[in-house]
Q: 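The structure is given below, and queries will be raised subsequently.
Heavy-atom basis, side chains included; hydrogens, waters and symmetry copies ignored. Sequential numbering from 1 along the given sequence is applied to the chain's residues.
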Amino acid sequence: MNDVPQQTSTSIRLNPGGPVAKLSAATAPTWDAAVGHRFVAELFAGTVEDSVMKKYLVQDYQFFESFLSMLGACVAHADDIAPKLRFSRQLGFLEADENSYFLRAFAEVGVPAVEYEAPVLTDPTARFRNIMDEAVTSASYPNLLVVLVIAEWLYLDWGEREDPMPRRHVHTGWIDLHRGEDFRAWVQFLVDELERAFPIGDDAESLANRDRLTQLWQRTVGVELAFFDEAYVPG
């Protein structure tokens, strides 16, 4: 269902040999399959069928509340005032820009409110929302960061694809939300925070936490790829 992707490049700076670089390397094939997905290629070409775009956006919109909760949990559980303030600013961005994009895009492709306010969730959507909600319930700053890093960094990697831009707003708007200096700085902040907060001790608790976070990373990247695939499943 996917084109064979090229090895993904990224504009994000990583600490060679650091925990985030190791997590990224361990899931590179799945990550690259998502970043090089058919949906991304068609999005930039402006050839995504409206039926596919509708399904994708309606399902993606179902993450909005859980994503807000994750940012709020980071405000609560971050271990320093500076990241608390950064997460607070991002909450304002979601209301001003991302939610506005969804509402305009739904109007453009003909999705009435009744269809996007409470749709039946696909399996990948349900699984990813469960991951987000579990991260919030955990009250663990590293758990929250793992999910946020994947959700934002993977989209930056495809958003910075050097293809010509399509013409319709429903396509260009979604790309523009996931590229540019501000979004890149946000993703770099998340990656740096995960690097800083990742447990590095050799004690049993640190080892167990590292294993738990690694499993969470692998699980989340897998669901991201499944979410792209699901957009093309008839239904």
Q: Residues in side-chain hydrogen bond (donor to acceptor under 3.5 Å, both in side chains) with Asp123, at least two apart?
A: Arg127
Q: Would Phe183 and Asp176 satisfy side-chain contact (heavy atoms from CB on, under 4.5 Å), going step by step from the backbone distance to the final call?
A: CA-CA 9 Å; Phe183 188 64; Asp176 283 340; over 6 Å; no
Q: Considering residues at least two apart in sequence or located in another chain, which fulfil the ring pair (Phe, Tyr, Trp, His ring centres under 6.0 Å) criterion with Phe44?
A: none
Q: So Trp217 and Leu194, side-chain contact (heavy atoms from CB on, under 4.5 Å) or not? Walk me through it.
A: CA-CA 12 Å; Trp217 179 283; Leu194 179 57; 4.0 Å; yes
Q: Going by the rule side-chain hydrogen bond (donor to acceptor under 3.5 Å, both in side chains), which residues pair with Glu49 if we only count those two or more places apart in sequence or in a different chain?
A: none
Q: Indicate yes or no: does Arg86 engage Asp80 in a salt bridge with an N to O separation below 4.0 Å.
A: no
Q: Quick one: list whatever passes ring pair (Phe, Tyr, Trp, His ring centres under 6.0 Å) with Tyr116, sequence neighbours left out.
A: Tyr61, Phe106
Q: I need the full list of ring-ring contact (aromatic ring centres under 6.0 Å, His included) pairs touching residues 125-151, with sequence neighbours left out, sorted by first then second residue.
A: Phe63-Phe128
Q: Please report the C-alpha distance between Glu108 and Arg104 in whole Å, then the side-chain angles of each, then the deciding distance to 0.1 Å, and finally whether the salt bridge (charged side-chain N to carboxylate O under 4.0 Å, His left out) criterion is met.
A: CA-CA 6 Å; Glu108 183 176 342; Arg104 180 176 172 183; 5.2 Å; no
Q: For a side-chain contact (heavy atoms from CB on, under 4.5 Å) check, start with the C-alpha distance between Thr220 and Leu216, then their side-chain angles and the critical distance, and finish with the verdict.
A: CA-CA 6 Å; Thr220 306; Leu216 177 59; 3.8 Å; yes
Q: If you look only at pairs with a residue in residues 194-205, which of them pass as a side chain to side chain donor-acceptor pair (under 3.5 Å), with sequence neighbours excluded?
A: Asn15-Glu195, Asp79-Arg196, Glu193-Arg196, Asp203-Ser206
Q: Which residues pass the salt bridge (charged side-chain N to carboxylate O under 4.0 Å, His left out) test with Glu115, not counting sequence neighbours?
A: none
Q: In chain order, what residues pass the ring pair (Phe, Tyr, Trp, His ring centres under 6.0 Å) check against Phe198, with sequence neighbours excluded?
A: none
Q: Considering only distance and modelled atom types, tabulate donor-acceptor pairs under 3.5 Å from the side chains of residues 52-59, sequence neighbours left out.
A:
unit_1, atom_1, unit_2, atom_2, d
Lys54, NZ, Val109, O, 3.2
Lys55, NZ, Glu230, O, 2.8
Lys55, NZ, Glu230, OE2, 3.4
Lys55, NZ, Val233, O, 2.6
Tyr56, OH, Tyr155, OH, 2.9
Tyr56, OH, Trp174, NE1, 3.3
Gln59, OE1, Thr122, N, 3.1
Gln59, OE1, Thr122, OG1, 3.4
Gln59, OE1, Thr125, OG1, 2.7
Gln59, NE2, Val120, O, 3.1

Q: Using salt bridge (charged side-chain N to carboxylate O under 4.0 Å, His left out) as the criterion, list what pairs up with Arg210, not counting sequence neighbours.
A: none
Q: Which residues pass the salt bridge (charged side-chain N to carboxylate O under 4.0 Å, His left out) test with Glu152, not counting sequence neighbours?
A: none
Q: Once ring pair (Phe, Tyr, Trp, His ring centres under 6.0 Å) is applied, do any residues pair with His77, and if so which ones, sequence neighbours excluded?
A: none
Q: Sub-3.5 Å donor-acceptor pair from the side chain of Ser24 to the main-chain atoms of Val20, do we have one?
A: no
